[in-house]
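Only one structure is covered here, and it is reproduced in the block below.
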Amino acid sequence: MQKSAITKLKKIGLSEESIDFLLQFYTGAVNAYGIISLEDLYGLYKDIKRQNHDYPEITFDQFLTFGEVTGSKLLEHYAIFSPEIINKYFNDSGIPLTSPLLVHESVAWKEDSIHEIWYLYMDLCEFSSKFYLTPDDLRDFAEHQETADDRAFQKILAELKAFGKPLDQVESQIYPNDTGINEITKLVTYAYQTSPGNLEAASEEFENLSLFYRLDYGKHTFQEICTLMKRALYDLPCWGLGGYTYGKMMGIPKEDITENDFFDDSFYKDDNDLFDLDEDDVLTDHLQQLGQALLDLASDTHPHAAMRKKASYPKRLLDKTMKKRYADAGFDTDKLDFLHKFFQAAVNLYGVIELVDLAQIYEDIKDKNHYPDISDDEFIDFAELVRREKVPYYVFEQHELFKNGIDLEFERILVDADLLGPDGLKSLEGVYNVYFSEYANVYWEPEDMLAYTGHQQEKEELDMLAYFTQLGSRDAKIVSLESKDLARKIVDHFLWTSKSGFQEADPIPKEEFRQLLANGGKTFNKEIEDNILELIRNYDKNRHVYVLKGWTTDEWNSNPDIHGEQVQKIKAMQALLDMIKKSKDPE
């Protein structure tokens, strides 16, 4: 710790022994809870002190000052975030924060902004209902003692290869000056600790990292590695459970932990037994009980409480009725045809867009395309009328998507019907994922919007559909109706998850894919894997991405000027951390 910090702390009456104690106490706390308010932490200190008589006497003011002085320098283990900043700029929960937040350093690295840190804190509070573990001595968590399980997991990772090189020689993509092997360890640990006590969260993260790093397992299997990983994580405190460990809480002995039966490693290895899953093994009673208990903790204080679980929408009317309504509103045939095409093209390109932004794009490109003159009032009137027509998109009022939405005519929201997913108006995650995306700051504007009225991924989509259909056929000339239907479902599901930008959704539905292969008498192999990945790459290369406001991935990557707040916050946080480290006083 810097000499200047020690001097400040001594001025408020803390001895060197008390300073050393608090440093260990804070470090233990952040390891156990991830994020916790200093007010709650001081309460835990008082509770533990009653049973632990070697704890020094420390006032609340001294406790807060220690956090503010040490956390402002972003020490190796934790940082402190002030309530003033969070309440002024980020706290939309309706509950003001009254105490600084103690935040684990890995959260500061992993989350994109203070806003995201606040959301994570609220999530962790909901998971645990602030039912924090109260150990005999919180300092016991200050340093993780390496176990035989840790060493076993690290050993097997060291035997893997990524991009043809040993994993420990591959550069980390998130943590500067680190290796891929350490990044994987940190990220699977983070996934477990920030989940509501679910070791499967680590498996999902490792699955994603396997694809990202294109891991070559060599003589090992995914299941073998995941089992070792879970046993290494077993004794770590879970932040989402207030510092308790999932395995012990659920009464699962470490020796009984194995990889679950649901993981489909079809993109990572050849396995003739890949599809031999136990269909009855869906969820244990314990997991169902825990899941329900966690759902019961949810309340309207969550930052996303303004969102709705499902949307309301007026009934669609018959075409005959709509023709009369358009005529009564004064729309001639040419203008009506243009507006239908323009709105359809917009949802094809952007997925979700407010009417005011769409009208601005129209103004920007209308002259060079000789579009008909459309007034703001005509945009507004058409948007109101087309809500009732049977079209493949919705035009939502603000209150239909948001509990606190205020309806303004020019702020109606166009939404591609596909974004609502299989459950229709009951499934809004895809809509919110696009609407709240902060990866791009401006909309991509086409030369001619009407060029995008039709489906823009037709060739790539048809290529995927043809390939999956062929997989379900034993004879190239004869394809069963069931296989055609399965192929269509697989492609539709992929397109939906791709459009919505879901991070956790499986782009290839497992059951349909298994049945399709069975119908065709085929076994999953490297050739099929490579073919599917190539088809997906071709699709991704040519699509205009909803969460990038219509830009393609290549355009977005090559143009930093269009990067939105999400990306800018990442850069700003990194720059801030670099400045803090450079400005540290010498030891």
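Side-chain atoms of Ser99 and Tyr42 include no donor-acceptor pair closer than 3.5 Å. Side-chain contact, Asn31 with His144: no donor N or O sits under 3.5 Å from an acceptor N or O. For Tyr33 and Gln193, the side-chain atoms include no donor-acceptor pair closer than 3.5 Å. No donor-acceptor contact under 3.5 angstrom links the side chains of Asn182 and Thr185, judged on distance only. Side-chain atoms of Glu39 and Thr98 form a donor-acceptor pair, as typed in the model, at a separation below 3.5 Å. Between the side chains of Gln24 and Asp20, at least one donor N or O lies within less than 3.5 Å of an accepting N or O.
Residues Leu124 and Ile36 fail the side-chain proximity criterion, which asks for heavy atoms closer than 4.5 Å. No side-chain heavy atom of Leu167 sits under 4.5 Å from any side-chain heavy atom of Glu159. With a 4.5 Å cut-off on side-chain heavy atoms, Arg50 and Tyr55 do not count as touching. Between Leu157 and Leu160, some side-chain heavy-atom pair lies under the 4.5 Å cut-off. Within the 4.5 Å cutoff, no side-chain heavy atoms of Val545 are placed close to those of Trp551. No side-chain heavy atom of Phe66 sits under 4.5 Å from any side-chain heavy atom of Ile58. The shortest side-chain heavy-atom distance between Phe212 and Asn208 does not fall under the 4.5 Å cut-off. Residues Asp136 and Gln51 form no side-chain contact, since every pair of their non-hydrogen atoms from C-beta on lies 4.5 Å or further apart.
Taking CZ from Phe153 and OG1 from Thr227, the interatomic distance works out to 11.0 Å, rounded to the nearest 0.5 Å. Between the CG atom of Leu228 and the NE2 atom of His220 there is a distance of 9.0 Å, given to the nearest 0.5 Å. In this structure, CD in Glu205 is found 14.0 Å from NZ in Lys186, a value given to the nearest 0.5 Å. Taking CH2 of Trp556 as the start and OH of Tyr439 as the end, the distance is 7.5 Å to the nearest 0.5 Å. Asp149 contributes atom CG, which lies 4.0 Å from atom NZ of Lys254 (distance to the nearest 0.5 angstrom). Note: Phe141 CZ to Phe25 CZ = 11.5 Å, rounded to the nearest 0.5 Å.
In plain terms, the two heavy atoms of Ile413 and Gln398 that are nearest each other are CD1-NE2, 3.6 Å. Smallest separation of non-hydrogen atoms from Ile48 and Pro135: CG1-O, 3.6 Å. Nearest heavy atom pair, residue Leu548 against residue Thr553, reads CD1-CA, 4.0 Å. Counting all heavy atoms, side chain and backbone alike, Gly243 lies closest to Pro237 at O-CB, 3.2 Å. Summarising the geometry of Val103 relative to Val30, their closest heavy-atom pair is C-CG2, 3.4 Å, with the distance given to 0.1 Å. Heavy-atom minimum distance, Ile35 versus Ile117: CD1-O, 3.8 Å.
Listed for the Ser427 side chain is a donor-acceptor partner under 3.5 Å among the backbone atoms of Leu420. A donor-acceptor pair under 3.5 Å is formed between the side chain of Tyr432 and the backbone N or O of Leu401. Formation of a donor-acceptor pair under 3.5 Å by the Ser172 side chain with backbone atoms of Asp178 is not found in this model. The main-chain N or O of Phe206 is found under 3.5 Å from a side-chain atom of Ser210 such that the two form a donor-acceptor pair. Of the possible donor and acceptor atoms, one in the side chain of Gln62 sits under 3.5 Å from a partner among the backbone N and O of Ile12. In this structure a side-chain-to-backbone donor-acceptor pair under 3.5 Å is missing from Ser18 to Leu14.
The pair Glu255-Arg231 does not count as a salt bridge, with every side-chain nitrogen at least 4.0 angstrom from each carboxylate oxygen. Between Asp137 and Lys49 there is no salt bridge, since no side-chain nitrogen of the basic residue lies less than 4.0 Å from a carboxylate oxygen of the acidic one.
Tested against Tyr546, the residues Val352, Val431, Val434 include a single side chain to side chain contact (heavy atoms under 4.5 Å, CB included) partner, Val434. His104 pairs in a ring-ring contact (aromatic ring centres under 6.0 Å, His included) with only one of the listed residues (Trp239, Tyr26, Tyr78), which is Trp239.
Other residues, nucleotides and ligands contribute more than 12 heavy atoms inside 6.0 Å of the CZ atom of Phe60. The 12-atom threshold is exceeded at CD of Glu146, counting heavy atoms of other residues, nucleotides or ligands nearer than 6.0 Å. No more than 12 heavy atoms of other residues, nucleotides or ligands sit less than 6.0 Å from atom NZ of Lys310.
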As a quick check of understanding, evaluate side chain to side chain contact (heavy atoms under 4.5 Å, CB included) for Tyr217 and Leu215, giving each step before the final call. CA-CA 6 Å; Tyr217 295 144; Leu215 289 181; 3.9 Å; yes

Is there a side chain to side chain contact (heavy atoms under 4.5 Å, CB included) between Thr179 and Val170 once you walk through the steps? CA-CA 6 Å; Thr179 64; Val170 175; over 6 Å; no

Quick one: do Tyr119 and Glu116 satisfy side chain to side chain contact (heavy atoms under 4.5 Å, CB included)? Show the steps, please. CA-CA 5 Å; Tyr119 278 175; Glu116 295 303 317; 4.3 Å; yes

Please lay out, stage by stage, how Phe494 and Ile536 fare under the test side chain to side chain contact (heavy atoms under 4.5 Å, CB included). CA-CA 9 Å; Phe494 169 78; Ile536 291 175; 3.9 Å; yes

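Ring-centre distance between Tyr244 and Tyr132: not below the 6.0 Å cut-off.
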